[in-house]
Number of protein chains: 2
Amino acid sequence: MTASGTPVRQSSVRAHNLALVLRTVANSADRPSRAAISLATGLTRATVSALVDDLIAGGLLTEHDPAPRTGAGRPAAGLALSPSGPAGLGLEINVDYLAACVVDLTGDVRHRFVTQGDQRPLSPSASLASLGGLALQALEAASADGLAIAGAALAVPGLVAPNGIVRVAPNLDWQDVDAPALFNVLPGLSDLPITVDNEANLAALGELWADGGEQSFLYVSGEIGIGAGIVLGGELYRGGRGWSGEIGHVTVYPDGRPCRCGANGCLEQYAGQEQIAADADLAASALGIALAGVINLLDISVIVLGGTYATEFPRLRAGIEAELARRVLTAGLAPVTLRAAALGPDAAMRGAAGAVIQELIDDPAAFLMRTP
Amino acid sequence: MTASGTPVRQSSVRAHNLALVLRTVANSADRPSRAAISLATGLTRATVSALVDDLIAGGLLTEHDPAPRTGAGRPAAGLALSPSGPAGLGLEINVDYLAACVVDLTGDVRHRFVTQGDQRPLSPSASLASLGGLALQALEAASADGLAIAGAALAVPGLVAPNGIVRVAPNLDWQDVDAPALFNVLPGLSDLPITVDNEANLAALGELWADGGEQSFLYVSGEIGIGAGIVLGGELYRGGRGWSGEIGHVTVYPDGRPCRCGANGCLEQYAGQEQIAADADLAASALGIALAGVINLLDISVIVLGGTYATEFPRLRAGIEAELARRVLTAGLAPVTLRAAALGPDAAMRGAAGAVIQELIDDPAAFLMRTP
DNA sequence: GGGATTTGTTTATTGGTTGAATTATTTGGA
DNA sequence: TCCAAATAATTCAACCAATAAACAAATCCC
């Protein structure tokens with residue numbers, strides 16, 4: 001018998017509603033009152049009060065003085081995510097740099113550490129040890145601010161299995177690297193929960209959570225390889241095995257240039273980092289052809305270009321848009337938005353830290369349970 | 001302020017758990033007992049008993065005698081979906097036929113009506129009137145069986161807006177047709193709730209609910225046009241505006257044959273119905289190239305071929321698989337399954353009826369509320 | 001200063017699940 | 001034949017969380 005779904009008990013009701021209230025505060029532009037939350041969520045004021053009390057006691061929300069006087073009535077106490085609440089540690093390993101950042105509950109980047117350096121000659125454990133050094137610096141800086149780190153997430157340029165093992169990262173020359181195990185073995189980092197994810201996936205999440213991020217878009221990251229993160233309805237789509245987004249090996253010219261993957265005419269052979277420098281027009285056209293296919297298939301109306309594509313955006317835009325106008329079936333019915341990534345090269349690291357924060361916001365009950 | 005999500009009250013808990021129990025019975029191969037459901041869902045036996053009582057009273061479940069004696073103890077009463085419970089009416093309009101079927105709660109097709117005839121010369125209201133005739137026959141046949149029809153769903157070969165208006169159906173020459181309004185205006189059908197959806201989408205759902213249907217796959221329907229339904233994790237992905245799946249206009253050869261959509265080298269120009277007849281190898285190769293792109297992007301491991309592709313499957317298979325082997329990045333790590341649609345040409349109609357049934361199974365509380 | 005108004009809390013009630021005890025119905029062994 | 005063991009289903013008191021309505025708090029406006 002296949003049991004799908006899980007039962008709902010009263011405690012799940014509370015967990016759901018705690019998350020609902022916290023999310024409402026997080027998504028709010030101003031500092032909402034309990035009454036405003038009640039109106040927005042449909043919960044009664046009494047229930048909202050009870051839930052807010054728990055969230056304040058747990059250090060996730062803070063109460064502020066009422067800022068603007070508006071009309072009659074008792075002034076409302078403004079609620080906001082607590083900047084001194086649990087924070088997330090975002091980590092990134094890429095071909096030519098390591099990075100770490102501390103992001104608090106409100107989404108502010110509190111600390112940021114980057115070290116340049118080619119990782120290709122180093123072993124995975126050497127790279128992860130260097131990264132561990134950065135992580136310790138970040139932990140120390142966070143601790144000096146009175147911030148507790150709830151967890152860490154690591155962005156890597158490769159295919160990652162659900163258990164955090166990096167199956168293959170071609171440009172780092174990694175194969176079957178158990179990144180969480182190698183990271184947690186370092187002194188001082190043994191009990192820091194860490195998740196690992198693909199760089200483009202996390203960068204896409206970073207863009208999703210950045211100011212003005214759309215709910216559905218395709219994030220395309222042009223590094224040495226080309227990866228994509230697919231965000232549908234505010235959620236990252238990971239695919240059956242977590243290997244979605246390999247847009248670099250979508251065929252553009254069936255009988256075109258041979259690719260290192262064995263096929264011919266892959267996008268990567270026309271719109272990779274080197275190819276952009278050599279012939280920007282060809283890169284834009286190839287990218288446009290591939291993106292049009294994605295749009296026809298997924299009915300996505302926003303494309304976000306990251307990595308090298310973000311810096312080269314002015315040179316690529318016209319060429320891409322020309323192909324989209326020609327090849328997207330519904331181009332006449334509704335426009336496609338093409339824009340550069342708002343976070344630039346920090347997107348993946350920011351997304352990683354954000355993923356830790358988001359997990360807290362999506363399930364505050366689990367956090368409150370851990371720290372009573 | 002953007003309120004995302006909805007509050008959970010106690011009644012939602014019951015609604016959720018009613019659905020959980022019903023789904024558990026529906027997905028079960030045998031006839032589970034209350035105790036088995038309790039084990040599978042995690043709900044207590046007391047709760048399951050209470051929920052099952054409601055579902056039996058509402059006519060959704062039936063209790064059967066225990067079939068096999070196994071070990072000691074009081075024999076278990078087997079529960080199953082009621083074949084005399086509410087049924088779904090599946091409707092389909094296509095270029096050269098109209099179809100209707102009645103599917104009961106258990107998924108059995110109880111009645112099936114098809115009339116051949118070219119719809120292209122007819123106006124939308126004329127086609128829908130003919131379909132109404134079929135629908136009335138189906139309603140009568142269902143009524144003779146003592147079956148109540150809970151609702152209807154209509155499959156059309158075109159882009160459908162969320163409100164049921166057919167924006168465009170190129171091969172029927174429809175534009176902005178308010179299908180629900182035209183259908184409900186017919187005598188005897190005025191109070192039958194009807195939803196409208198794309199033919200490939202509903203066919204994909206039909207395959208999902210057929211015996212042995214996978215949870216994630218791409219359904220490709222080769223009719224005069226080429227459409228696709230994307231099923232991810234047991235759910236149909238509709239895209240931001242409900243216009244996903246336009247795989248027919250994915251570019252295969254950027255400088256290839258001109259397409260009626262204005263672009264060059266669309267899949268439809270190489271793997272449409274006429275092209276298969278003319279050159280099956282070319283059709284298979286083009287299809288393989290496009291599908292490889294989808295797999296790289298979405299990490300989908302099952303492709304289901306429907307419509308003409310299902311009947312031509314033996315002639316196409318090798319050619320498609322050759323391109324997949326060459327062009328799918330992870331082909332070496334995990335195999336891609338390619339198969340013909342199990343339901344053949346009935347897939348869309350069956351999927352439409354199934355959609356009505358599935359809505360009942362997903363939210364039995366709404367149905368029980370309506371008919372106390 | 002008093003009424004109007006809005007915010008937030010208190011309290012009794014209700015809906016729904018839980019867990020333990022109870023009843024029901026079979027198999028198997030003395 | 002009869003009784004213990006085993007499994008299925010029901011009954012009932014307890015509990016948890018949300019609700020509705022009354023109440024207290026704090027401001028504005030006249």
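Computed over heavy atoms, backbone and side chain alike; hydrogens, waters and symmetry mates excluded. First the proteins, then the strands, lettered A, B, ... as listed; each starts at 1.
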Q) Which sits closer to the 5' end of DNA chain D, A50(B) or L18(A), going by the nucleotide each is nearest to? A) A50(B)
Q) Just by protein heavy atoms under 4.0 Å, how would nucleotides 11-17 of chain D read 5' to 3' in B, S and -? A) B----BB
Q. Counting distance only, does the side-chain N/O of Y219(A) pair as donor-acceptor with the main-chain N or O of V231(A) below 3.5 Å?
A. no
**Q.** D145(A) (side chain) donor-acceptor with L147(A) (main chain) under 3.5 angstrom
**A.** no
Figure out the [atom1]/[atom2] separation between [X] and [N], and round it to whole Å.
X      : N       : atom1 : atom2 : answer
D65(B) : dT26(C) : CG    : C1'   : 14 Å
D53(A) : dT7(C)  : CG    : C1'   : 14 Å
I37(A) : dG8(C)  : CD1   : P     : 9 Å
L39(A) : dG8(C)  : CG    : P     : 12 Å
L55(B) : dA9(D)  : CG    : C1'   : 16 Å
L51(B) : dG16(C) : CG    : P     : 10 Å
L61(A) : dG8(C)  : CG    : P     : 13 Å
R45(B) : dT23(C) : CZ    : P     : 16 Å

Dump every N/O contact between nucleotides 3-6 of chain D and the protein below 3.5 Å, one line per pair.
none

Q. Looking at S33(A), does any N or O in its side chain come under 4.0 Å of the phosphate oxygens OP1/OP2 on dG8(C)?
A. yes
Q. So, D299(B) and R238(A), do they make that salt bridge, N to O below 4.0 Å?
A. no
Between [atom1] of [X] and [atom2] of [Y], what distance do you get to the nearest 0.5 Å?
X       : Y       : atom1 : atom2 : answer
L20(A)  : T47(A)  : CG    : OG1   : 11.0 Å
D108(B) : H111(B) : CG    : NE2   : 11.5 Å
L89(A)  : I194(A) : CG    : CD1   : 7.5 Å
L39(A)  : R34(A)  : CG    : CZ    : 15.5 Å

Q. Hey, mind stepping through L79(B) and T62(B) against side-chain contact (heavy atoms from CB on, under 4.5 Å) and telling me if it holds?
A. CA-CA 6 Å; L79(B) 296 165; T62(B) 49; over 6 Å; no
(Q) Counting C-beta onward and ignoring hydrogens, is there a side-chain heavy-atom pair between I230(A) and N201(A) closer than 4.5 Å? (A) no
